[in-house]
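What follows is a short report on a single structure.
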Amino acid sequence: MSARKTRPRRSCLAVPGSSQKMIDKARGLNADQVFLDLEDACAPLAKPDARKTIVAALNEGGWDGKTRVVRVNDWTTEWTYRDVTEVVEGAGANLDCLMLPKVQTAEQVIALDLLITQIEKTMGYEVGKIGIEAQIENALGLTNVNAIAAASPRVETIIFGPADFMASINMKSLVVGEQPPGYDVGDAYHHILMSILMAARAYDKQAIDGPYLQIKDVDGFRRVAGRSAALGFDGKWVLHPGQLDAANETFSPGQSDYDHAENILDAYDWYTSEAGGKRGAAMLGDEMIDEASRKMALVISGKGRAAGMQRNDKWSPPES
């Protein structure tokens, strides 16, 4: 089975699989990932034709630089197996991942893995190339999130689905992503977000925040996205092109932080070398750096490089 890639997913754009117009527009937008939706954004009567539209769109191309994902329906519906078989058989060579919504147990991920594997073998595709994105949308899924993250080598991301989750726990709110009335101290979503993040990091997956439905309120999007980005999430769903720039900026490091991270890596590499004195700890300006500093800098550097950032400030070894 192929080794999994870590793909940029700062912005994950949702596109109804039944809308040719929106699919065509999505090709030219600056989203890291586009997922063509066969679930909530696609009416039941439109799903059969939407599968065909999605297969054609994937095979036509034009997705350069974007992670190509299709969200199928969840296993409790009658549509899932046809979603998977038609999309993977028809466009598996041009598909990066399938997104499985409302995941509640590891067995649901395993079942999807097995079905994809059978199709790959039948069609002559590379076995294991297609990844799985697991969406956590209710209490049972959250309690099983560690097992879900570990269920298959195909799993690339664990995603928070806030709207269904809020309904599943009877949260007293109708505004997705905002704090419920009466919760005036702290963050009502902190436990959920941290549980998803811990499971993702424990099993080397990416953690993705769900959508912000007030699509015209870009400041609100930035505020909510900022909370999950601060924790360490890798990206967030985008429902409208107007949210794309905010997502890409929020989940990228600031220029000064990126420069500083790269300088830490360069300085630590030099100071631990023969020329730098083989030191395990050293000073970078007024800051002491060591192996722990290097690990933290690698995170920021990795996010910046994935975003295509360029350094404005480069550290040089001190003159002897």
Side-chain angles (χ1 to χ4, degrees), residues 7-74 77 79-80 82-84 86-88 90-102 112 130-135 137 156-157 159-164 176-177 206 208-218 221 224-225 234-248 250-251:
R7 313 174 198 270
R9 286 184 167 97
R10 298 168 301 168
S11 50
C12 302
L13 178 64
V15 181
S18 55
S19 174
Q20 186 67 57
K21 179 181 177 181
M22 292 186 182
I23 290 172
D24 290 341
K25 182 175 182 180
R27 286 186 173 93
L29 297 174
N30 61 333
D32 285 347
Q33 171 173 303
V34 172
F35 72 89
L36 307 178
D37 194 13
L38 283 168
E39 200 214 13
D40 288 349
C42 192
L45 293 177
K47 294 182 193 292
D49 286 339
R51 295 179 191 128
K52 296 178 177 60
T53 300
I54 286 172
V55 167
L58 291 171
N59 290 336
E60 286 164 6
W63 305 103
D64 296 350
K66 295 178 174 60
T67 298
R68 303 157 297 179
V69 179
V70 174
R71 181 165 72 159
V72 300
N73 287 276
D74 78 271
T77 72
W79 302 300
T80 316
R82 293 298 299 273
D83 290 346
V84 177
E86 289 191 32
V87 169
V88 178
N94 298 306
L95 175 69
D96 295 311
C97 297
L98 288 181
M99 184 187 302
L100 184 64
K102 300 177 177 63
L112 180 60
I130 297 170
I132 293 174
E133 302 192 348
Q135 192 173 8
E137 300 188 72
E156 295 189 13
T157 72
I159 304 165
F160 176 38
D164 280 283
V176 173
Q206 289 182 303
I208 304 298
D209 196 8
Y212 185 76
L213 271 61
Q214 308 299 312
I215 59 174
K216 294 185 179 180
D217 183 3
V218 178
F221 178 93
V224 173
D234 299 287
K236 186 173 177 63
W237 276 19
V238 171
L239 300 183
H240 186 272
Q243 297 175 331
L244 278 169
D245 287 345
N248 289 337
T250 301
F251 290 93

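Note that these values count all heavy atoms, side chains included, but never hydrogens, waters or copies made by symmetry. Since the model is a prediction, treat every value here as computed from it, not as a measurement.
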Exercise for the section: For side chain to side chain contact (heavy atoms under 4.5 Å, CB included), just list the numbers for L58 and L36, CA-CA rounded to whole Å, side-chain angles, deciding distance to a tenth of an Å, and then say yes or no. Expected result: CA-CA 9 Å; L58 291 171; L36 307 178; 4.3 Å; yes
Problem - L38 and W79: CA distance, side-chain angles, deciding distance, side chain to side chain contact (heavy atoms under 4.5 Å, CB included) verdict - result: CA-CA 9 Å; L38 283 168; W79 302 300; over 6 Å; no
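Contact of the K47 side chain with the R82 side chain is not registered, since no non-hydrogen atoms from C-beta on lie closer than 4.5 Å. Between T157 and D234, every side-chain heavy-atom pair lies at or beyond the 4.5 Å cut-off. Side-chain contact between V70 and V84: absent, with no pair of heavy atoms (C-beta onward) separated by less than 4.5 Å. Side-chain atoms of L244 and L29, non-hydrogen and from C-beta on, do get closer than 4.5 Å to each other. Side-chain contact between E156 and D96: absent, with no pair of heavy atoms (C-beta onward) separated by less than 4.5 Å. With contacts defined as side-chain heavy-atom distances shorter than 4.5 Å, the pair P241/K25 qualifies. Looking only at side-chain heavy atoms (C-beta outward), R71 and D40 come within less than 4.5 Å of each other.
A salt bridge is absent between K21 and D24: the closest approach of a Lys/Arg side-chain nitrogen to an acidic carboxylate oxygen does not fall below 4.0 angstrom. Salt-bridge check for R7 with E133: failed, with every basic side-chain N at 4.0 Å or more from each acidic carboxylate O. Ionic pairing of D32 and R9 is not present here: no N-O contact between side-chain nitrogen and carboxylate oxygen is shorter than 4.0 angstrom.
Taking CG from D83 and CG from N73, the interatomic distance works out to 4.5 Å, rounded to the nearest 0.5 Å. Annotation: the span from L13 atom CG to T67 atom OG1 amounts to 12.5 Å, rounded to 0.5 Å. Rounded to the nearest 0.5 angstrom, D209 CG and C12 SG are separated by 10.0 Å. One finds the CD atom of Q135 at 7.0 Å from the NZ atom of K102 (value rounded to the nearest 0.5 Å). The distance from atom CE of M22 to atom CG of D37, rounded to the nearest 0.5 Å, is 11.5 Å. Distance CG/N59 to CG/N94: 5.0 Å, rounded to 0.5 Å.
A side-chain donor-acceptor contact under 3.5 Å links T77 to the backbone of D74. Side-chain atoms of K236 never come within 3.5 Å of backbone atoms of F221 as a donor-acceptor pair (strictly under, hydrogens ignored).
The ring-ring contact (aromatic ring centres under 6.0 Å, His included) search around F35 returns W237, not counting sequence neighbours. Taking the ring-ring contact (aromatic ring centres under 6.0 Å, His included) definition, one finds that Y212 meets it with nothing, sequence neighbours left out.
Here the closest non-hydrogen pair linking V238 and S11 is CG2-CB, 4.0 Å. Nearest heavy atom pair, residue A163 against residue V176, reads CB-CG2, 3.8 Å. The heavy-atom pair separating P48 from P44 by the smallest distance is CD-O, 3.8 Å. Annotation for S18 and A41: closest pair OG-O, 4.2 Å, computed over non-hydrogen atoms. Listed here is the closest heavy atom pair of K66 and A31: CG-O, 3.4 Å.
Of the options V69, I54, I23, L239, a side-chain contact (heavy atoms from CB on, under 4.5 Å) to V15 is made by I23 and by none of the others.
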